[in-house]
Amino acid sequence: MSVTLPKPIRVFVTGAGGRTGKLVFNKLKSRPEHFSVKGLVRRQEQKQELGDKDVYVGDISQPNTLQEAMQDSDKLVIVTSAVPKMKQKPAEGQRPEMFYEEGGMPETVDWLGQKAQIDLAKEAGVKQIVIVGSMGGTDENHMLNSIGHGKILIWKRKAEQYLIDSGVPYTIIHAGGLLDKTGGQRELTVGKNDEFLKLKVRSIPRDDVAEVVVQSLLLEDAVNKGFDLASKEEGQGSVTKDFKALFQQTRSGL
């Protein structure tokens, strides 16, 4: 007797050319039994780096460049973000002066760009949207908001609330400070309303964030949830393997 296997979930990852987005894309790509994945990058060289025919070059500020890739997608993962640049190398002991390039301000990328993605996804019948955001959104005076006068966390939070209000099932991940370290080696922790900012350790490897994204696409316990995400120091606690139990600790809303 033949057994009909479930069809892979069709996932569209925007921001797939970034450091975290690339990890998400590659993790999904490595699990073809669960996922069929398409990615969006901003530049042709990023497409070549990912080396995949299912990578599109587009601009989230121009929604028409996303429509083809968004069609036939079951789920959307938004890993796009405004990225500040350093004007010049600072003098020793001084903080660098940062700026956002033209067209790359947080209002354009993190609010209008995410809003456009949410609208397109809703129109296309996407069943779940996952946003990878940042901790700190409850504090208007957070240091990140002052960078380049961009108010990045304020715009990110506005887009996240727009997603909740859209009615599309959502998962909103507010990641702590991102570490370029090996994933799968730590106990992960979830919280709410920036409560982790009071702690000394509130960081997490990018690879672990990417794995939480993947698991959130598979487990119903992650749907319609918003949470802060961090990790304990390597060697402390027990390495997280039960993601269902992790998501059961989370709640709805921002």
Side-chain angles (χ1 to χ4, degrees), residues 9-31 35-43 45-47 49-50 52 54-61 63 65-66 69-70 73-84 100 104 106 108-121 126 128-137 144 150 152-153 155-160 162-163 168-180 183 203-218 222 225-230:
I9 301 167
R10 298 168 299 183
V11 184
F12 181 33
V13 181
T14 62
R19 284 185 289 174
T20 305
K22 192 183 304 180
L23 290 169
V24 172
F25 181 85
N26 286 332
K27 278 180 178 287
L28 293 170
K29 204 72 183 172
S30 71
R31 304 176 196 188
F35 303 106
S36 169
V37 60
K38 295 179 287 188
L40 180 82
V41 297
R42 289 192 66 189
R43 300 186 300 275
E45 58 266 31
Q46 292 175 316
K47 174 181 170 70
E49 185 179 348
L50 286 171
D52 196 278
D54 293 317
V55 176
Y56 296 75
V57 178
D59 186 339
I60 60 171
S61 67
T65 66
L66 312 184
M70 189 75 76
S73 295
D74 299 314
K75 304 194 176 189
L76 169 66
V77 179
I78 299 176
V79 205
T80 54
S81 179
V83 179
Y100 292 98
T108 301
V109 178
D110 296 286
W111 164 231
L112 297 176
Q114 287 197 22
K115 179 179 180 293
Q117 293 178 70
I118 293 164
D119 289 342
L120 279 174
V126 166
Q128 181 189 7
I129 299 176
V130 180
I131 289 182
V132 179
S134 304
M135 282 189 211
L144 291 178
I152 187 168
L153 298 179
W155 293 117
K156 282 181 180 291
R157 201 164 181 86
K158 185 171 183 177
E160 291 162 2
Y162 184 81
L163 170 57
V168 179
Y170 65 88
T171 305
I172 298 169
I173 301 168
H174 297 132
L178 296 170
L179 305 171
D180 292 316
S203 53
I204 181 170
R206 291 178 190 276
D207 191 74
D208 284 323
V209 175
E211 185 60 34
V212 169
V213 170
V214 172
Q215 295 297 329
S216 74
L217 296 168
L218 293 170
K225 302 286 189 67
F227 52 91
D228 300 339
L229 179 67

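Small disclaimer: the values here were computed from a predicted structure and weren't measured. Counting from 1, the numbers follow the sequence of the chain as shown.
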request  = State whether the side chain of Asn26 and the backbone N or O of Lys22 hold a donor-acceptor pair below 3.5 Å, judged by distance alone.
outcome  = yes
Are any of the side-chain nitrogens in Asp54 or Lys29 under 4.0 Å away from the carboxylate oxygens of its partner? yes
CD of Glu160 to CD1 of Ile173, rounded to nearest 0.5 Å, is 10.5 Å
CG (Leu229) and CE (Met135) are apart, to the nearest 0.5 Å, by 6.5 Å
Output for pair (Asp207 CG, Thr20 OG1), nearest 0.5 Å, gives 10.0 Å
d(Asp228 CG, Ile172 CD1) to nearest 0.5 Å is 11.0 Å
Residues Gln114 and Ala159: closest non-hydrogen pair is OE1-CB, 3.5 Å
Check this for me: does any side-chain nitrogen of one of Arg31 and Glu211 sit under 4.0 Å from a carboxylate oxygen of the other?
yes
If we count only N and O atoms by modelled type, under 3.5 Å, do the side chains of Gln128 and Ser216 hold a donor and an acceptor together? no
side-chain contact (heavy atoms from CB on, under 4.5 Å) with Thr14: of Val41, Leu76, Val77, Val79, only one passes, and it is Leu76
Discussion item. Is there a side-chain contact between Ile60 and Leu40 in this structure, where contact means two heavy atoms from C-beta onward sitting under 4.5 Å apart?
Written reply: yes
When rounded to the nearest 0.5 Å, the distance separating CD of Gln117 from OH of Tyr162 is 12.0 Å
| query | Taking side chain as C-beta onward, heavy atoms only, is Val130 less than 4.5 Å from Tyr170? | reply | no
Smallest heavy-atom separation, Gly150 atom then Tyr100 atom, equals CA-CE1, 4.0 Å
Please tell me if the side chains of Arg19 and Asp180 come closer than 4.5 Å, counting only heavy atoms from C-beta onward.
yes
If we only count heavy atoms from C-beta on, is the Leu217 to Phe35 side-chain gap below 4.5 Å? yes
Q) Considering only heavy atoms from C-beta outward, does the side chain of Arg206 approach that of Leu179 to under 4.5 Å? A) no
Of all heavy-atom pairs linking Gly17 and Gln46, the shortest is O-NE2, 3.7 Å
In short, Val209 meets Ala175 closest at the heavy-atom pair CG2-CB, 4.0 Å
Would you say Arg157 and His174 make side-chain contact, with heavy atoms under 4.5 Å? yes
**Item:** Minimum side-chain heavy-atom gap Ile129-Ile118 below 4.5 Å
**Value:** yes
| task | Assign the ring pair Trp155 / Trp111 to parallel, tilted or perpendicular, where the plane angle (0 to 90°) is split at 30° and 60°. | result | parallel
Worksheet item: Do Lys156 side-chain atoms and Gly137 backbone N/O form a donor-acceptor pair below 3.5 Å?
Response: no
Within a reach of under 6.0 Å around CD of Glu45, are more than 12 heavy atoms found that belong to other residues, nucleotides or ligands? yes
Evaluate the criterion side chain to side chain contact (heavy atoms under 4.5 Å, CB included) for residue pair Leu218 and Ile9; output intermediate values, then yes/no.
CA-CA 9 Å; Leu218 293 170; Ile9 301 167; 4.1 Å; yes
- [ ] Go through the steps for Lys75 and Phe12 under the test side chain to side chain contact (heavy atoms under 4.5 Å, CB included), then give the verdict.
- [x] CA-CA 6 Å; Lys75 304 194 176 189; Phe12 181 33; over 6 Å; no
Please lay out, stage by stage, how Ile152 and Ser81 fare under the test side chain to side chain contact (heavy atoms under 4.5 Å, CB included). CA-CA 9 Å; Ile152 187 168; Ser81 179; 4.1 Å; yes
Closest non-hydrogen contact found for Ile204 with Gly176 is CG2-N, 4.0 Å
Discussion item. Closer than 3.5 angstrom, by distance alone: can the side chain of Lys47 be matched with the main-chain N or O of Val55 as a donor-acceptor pair?
Written reply: yes
Notebook entry, point to check: For Lys225, does its backbone N or O pair with a side-chain atom of Thr171 as donor and acceptor, under 3.5 Å?
Noted result: no
So CG of Asp110 and NZ of Lys115: to nearest 0.5 Å the spacing works out to 15.0 Å
Do Asp74 and Val11 touch side chain to side chain, with heavy atoms closer than 4.5 Å?
no
In short, Gly39 meets Ala16 closest at the heavy-atom pair CA-CB, 4.1 Å
